[in-house]
Amino acid sequence: MAAKQIDRTCMQSSEVWTGTTYGVAAAMFQEGLFDEAWQTAYGIFRVTYQDYGYWFQTPEAWDENGGYRAISYMRPLAVQILALGYRTG
């Protein structure tokens, strides 16, 4: 597969996973990658809420066209782990 192409071998490989991305950002924060963690969290926040407007119904995943799967999914609450790490230093 060429670089910068979407992997379309299955449904999940062509999606952006909201909660998983927040979980990765939290792990980055724990490892001291503060700038990278905030940049990752901001990127998923910006697209999820500002670009696609999924306020109060955060999906588990969305695709390049804004199509979503599992609206109001609970895994995106992983952002709370990032907030906890920030508050506790």
Side-chain angles (χ1 to χ4, degrees):
M1 181 181 319
K4 297 187 181 183
Q5 279 190 315
I6 296 173
D7 179 358
R8 298 188 189 284
T9 57
C10 67
M11 179 178 70
Q12 290 84 2
S13 65
S14 63
E15 296 177 326
V16 174
W17 289 17
T18 312
T20 302
T21 304
Y22 282 131
V24 168
M28 290 173 160
F29 195 88
Q30 277 188 315
E31 293 299 317
L33 301 170
F34 304 117
D35 292 339
E36 293 87 344
W38 289 122
Q39 185 175 13
T40 300
Y42 177 73
I44 197 72
F45 164 81
R46 184 183 53 78
V47 176
T48 303
Y49 302 112
Q50 294 178 347
D51 293 354
Y52 287 141
Y54 292 134
W55 293 101
F56 303 108
Q57 52 186 356
T58 304
E60 162 60 1
W62 43 264
D63 62 23
E64 65 185 310
N65 299 313
Y68 57 85
R69 182 170 57 82
I71 205 83
S72 299
Y73 199 70
M74 299 303 286
R75 191 172 294 146
L77 293 175
V79 71
Q80 297 301 322
I81 299 167
L82 183 60
L84 176 65
Y86 177 73
R87 285 192 302 266
T88 59

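Residue numbers count from 1 along this sequence. In what follows, every heavy atom counts, from backbone to side chain, and hydrogens, waters and symmetry copies are set aside. Keep in mind that this is a model prediction, so the values were computed, not measured.
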For Glu64 against Arg8, the heavy-atom pair lying closest together: OE2-NH2, 2.5 Å
Pairs where residues 19-33 contributes a residue and the test salt bridge (charged side-chain N to carboxylate O under 4.0 Å, His left out) is met, not counting sequence neighbours: none
Tyr68 atom OH, over 12 foreign heavy atoms within 6.0 Å: no
Non-neighbouring partners of Ala27 that pass side chain to side chain contact (heavy atoms under 4.5 Å, CB included), sequence neighbours left out: none
Heavy-atom pair with the smallest gap, counting every atom of Tyr49 and Thr58: OH-OG1, 2.5 Å
ILVMFWY clustering at 4.5 Å (side-chain atoms), partners of Met11: none
Check: Asp7 main-chain N/O paired with Ser13 side-chain donor or acceptor under 3.5 Å: yes
Single-linkage hydrophobic cluster, 4.5 Å side-chain cutoff, Phe45 and Tyr52 together: yes
Phe29 ring center near Phe34 ring center (under 6.0 Å): yes
side-chain hydrogen bond (donor to acceptor under 3.5 Å, both in side chains): pairs with one or both residues in residues 37-47, sequence neighbours excluded: Arg46-Asp51
Trp17 with Tyr54, same ILVMFWY side-chain cluster at under 4.5 Å: no
Asp63: partners by side-chain hydrogen bond (donor to acceptor under 3.5 Å, both in side chains), with sequence neighbours left out: none
Non-neighbouring partners of Thr48 that pass side-chain hydrogen bond (donor to acceptor under 3.5 Å, both in side chains), sequence neighbours left out: Trp62
Val47 with Tyr22, same ILVMFWY side-chain cluster at under 4.5 Å: yes
Least distance between heavy atoms, Arg69 atom then Pro59 atom: O-CB, 3.6 Å
